[in-house]
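Below, read A as the first sequence line, B as the second, and so on, with proteins coming before strands; counting in each chain starts at 1.
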Amino acid sequence: MRSSGRQIRSLSLRVSGFHRAAQQRPVGRPVRLFMAVVEHSRFASQAPPRCSGSFFFFTVTVNLWRHRSRLPFFFISQTRQGDDKQYVGFATLPNQVHRKSVKKGFDFTLMVAGESGLGKSTLVNSLFLTDLYKDRKLLNAEERISQTVEITKHTVDIEEKGVKLKLTIVDTPGFGDAVNNNECWKPITDYIDQQFEQYFRDESGLNRKNILDNRVHCCLYFIPPFGHGLRPVDVEFMKALHERVNIIALIAKADCLTPNETKKLKDRVRDEIERFGIKVYQFPECDSDEDEEFKQMDKELKECTPFAVIGSNTVVEARGQRVRGRLYPWGIVEVENQSHCDFVKLRNMLIRSHMHDLKDVTCDVHYENYRAHCIQQMTSKLAQDNRMDSSIPILPLPTPDAETERLIKMKDEELKRMQEMLEKMQQQMHEKDQ
Amino acid sequence: MGGRDLFGYVGIEAVLDQMRRKTMKAGFEFNIMVVGQSGLGKSTLVNTLFKSKVSRKSCTPSYEEKISRTVHLKSVSHIIEEKGVKMRLTVIDTPGFGDQINNENCWDPIVKYINEQYEKYLTEELHITRKRRIPDTRVHCCVYFLPATGHRLRPIDVEFMKRLGKIVSIVPVIAKADTLTMDERLDFKQRIRQDLQASGIRVYPQKEYDEDVEDRIRNDKIRENIPFAVVGTDKEHQVNGNKVLGRKTKWGIIEVENVAHCEFANLRDLLVRSHLQDLKDVTHYIHYETYRVRRLNESNASVSGLSALPLENGITEKYEAQSQL
């Protein structure tokens, strides 16, 4: 074989084990030693190589008892195009990622928006089986006349089977309640932009280990079931927010609709969303190699939007079981019954299957849009000031100086020390119990 | 000494019969106005109340559903008859109320309409040669639909009812009440009553107009129950072998006329069976008289008629007295 310019382009040694010589090995048993799997490709610029690689391997059969020396053996796996692969072991990577993330815990920020009295708090409590709104006081009509839209945050730590979730619920009391609701969504868009800006600032800072991610990952928007579709305030709100956050539209208090009415309303809302060009959160497409059942479920899910939900915190007796539901003189509405409402579908989608995707879309799409927009604004401002474009964007905000950096470092170390102390205490308690 | 038997049957009560015959021949008029956001079931409720299709529902397929930018009032009249008694029922609808983003002053067209009807009646009354029966287009009752939020009155509700409680009899109802459980309903009603009292809103039946003890007892019972939580429908279903008006859902059938389910029957009794004439009387003797006194005091009236038509905010316009048809 002509070997013009044969060079060892890449030397890939895949080492899967390392054994000491077998002094202990019984005499007479030969051990095969594979050495130096070298994969190199012909370095020929003109013609494409006839075969993309050729390799040498030495198979040396050593009769150990003859040599009686301690030889380290490198067991090296070989690869060759066309040969069957041997097990390397990086298939355990997802498990490693899983272990690390379980240790770190997850966080999720959910925003609920809609007029008051649509059952937002009840639904949030039902979704996460907590009681976030224990001490809430309802304002009377006079106080509400002068109320403006506020943003309130509740954070709760939930743990289930060792997996920790830090859940933040952002509520918007006062939205859509006043007589004049012009721009009532402005405080909400300002809040979302603020979170993006804070993350942008932290990301461009010098100490990036403990960035707090407060960005809103998902916004549940409640549409009242009383109307005939989307009202002007609904359309304006969703148009103001669809570029900033994942919007999931829900039909609230669906127990006042018959099945026919529910279907009609859903169709209408879907049509109007399309007509007005509102970009609600789209479920990612199934891969083509998923099984039929999964694809069918996915299709059903997509056809069901917007979800018609009912929430409840009370447990009632129905058909001999205790279920979460609402008790009426004419019957019992079960929240977790799929034929009654879409609560189960919403919960599965939001928590069990698409939570991570929501976070990804927020990071990859909405945040990147914001960031690109921000940087564009900055560079255009710089161009206006007749300065050279720098490769690293100059932030509009002053980067923290050395003093602040030092303080941050000190706080980090303090945190670490406290965490270690906590672990020690936990261990001691554990030992005491045993 | 016989002859003069003073304790006999005179026959005064036959006057009632005569009155009955006359009024039956003449027929009744009743004007009801329904106010509320779109989709609260106003037309369905009116149809159910009078058991006939007097109002066109906005969810029928042929209806062009558009949220109008301003509130226009549409009035539709029908003549319905029952057991020989004819009634000319006019339903005044207010599409567009409360549907916009900015709902300030959305009640102005309504207030203007009500005052215009009073004005018409007044002009007719002041005519030198006036008709025997003045056509009555005044609004006798205004049914205000509250969405079943379960919390309290909203600012728009308070503003509307404050202004209109002074000029017309308001009957507030909780619309689409099948989304509230019994406990929630009681709490909601109590909170609404508190809010109404705190804002000084007087709804029908007003306490001040109770004439005697009997009335007061009857009306107190009603006052403890307002606002009525209603559910309306025009579809019938089979329940225990009977055909009833109801809404069929996956978890049960809501019977509209069952008092245990919703208070539609109470509302119907109030509006149609027991207090219809009272509503008209209150409108005629109290609201209309208030308007009349105010108008006559305001205008420097010449003998022939009125020189100006006041609107709610004090702007005056020229108004020509016309003969009514």
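Counting heavy-atom pairs under 4.5 Å between each of A:Glu334, A:Glu261, A:Glu183 and chain B puts A:Glu261 at the top. The candidate from B:Glu104, B:Gln37, B:His261 with the greatest count of non-hydrogen atom pairs under 4.5 Å with chain A is B:His261. For chain A, the option among B:Asp157, B:Ile156, B:Asp178, B:Thr249 with the highest count of heavy-atom pairs below 4.5 Å is B:Asp178. The candidate from A:Leu118, A:Asp255, A:Leu327 with the greatest count of non-hydrogen atom pairs under 4.5 Å with chain B is A:Asp255. Considering only heavy-atom pairs separated by less than 4.5 Å from chain A, the leading option among B:Arg247, B:Glu255, B:Lys176, B:Lys248 is B:Arg247.
For B:Ile253, the part lying near chain A is the backbone, with the side chain staying farther off; criterion is any non-hydrogen pair under 4.5 Å. Within the 4.5 angstrom heavy-atom criterion, only side-chain atoms of B:Glu184, from C-beta onward, approach chain A.
Contact check on B:Arg191 versus B:Asp195 returns no salt bridge, with no Lys/Arg side-chain nitrogen under 4.0 Å from an Asp/Glu carboxylate oxygen. The pair A:Arg270-A:Glu274 does not meet the salt-bridge criterion, since no charged nitrogen lies less than 4.0 angstrom from a carboxylate oxygen.
You'll find the ring centres of B:Phe97 and B:Phe160 inside the 6.0 Å limit.
Within the 4.5 Å cutoff, the side chain of A:Val333 has no heavy atoms near those of the A:Cys341 side chain.
Scanning residues 240-251 of chain A against chain B with a 4.5 Å heavy-atom cutoff picks out nothing at all.
When atom types are taken as modelled, the side chain of B:Asp99 and the backbone of B:Ser38 share a donor-acceptor pair closer than 3.5 angstrom. A donor-acceptor contact shorter than 3.5 Å links the side chain of A:Glu272 to the backbone of A:Leu230. A:Arg324 contributes no side-chain N or O that, together with a main-chain N or O of A:Val315, makes up a donor-acceptor pair within less than 3.5 Å.
Classified by interplanar angle (parallel below 30°, tilted 30° to 60°, perpendicular above 60°), the ring pair A:Phe237/A:Phe175 is perpendicular.
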For this session: Any chance you could lay out the ring pair (Phe, Tyr, Trp, His ring centres under 6.0 Å) test for A:Phe343 and A:Phe307, step after step, and finish with the verdict?
Result: CA-CA 8 Å; A:Phe343 174 79; A:Phe307 296 122; over 10 Å; no
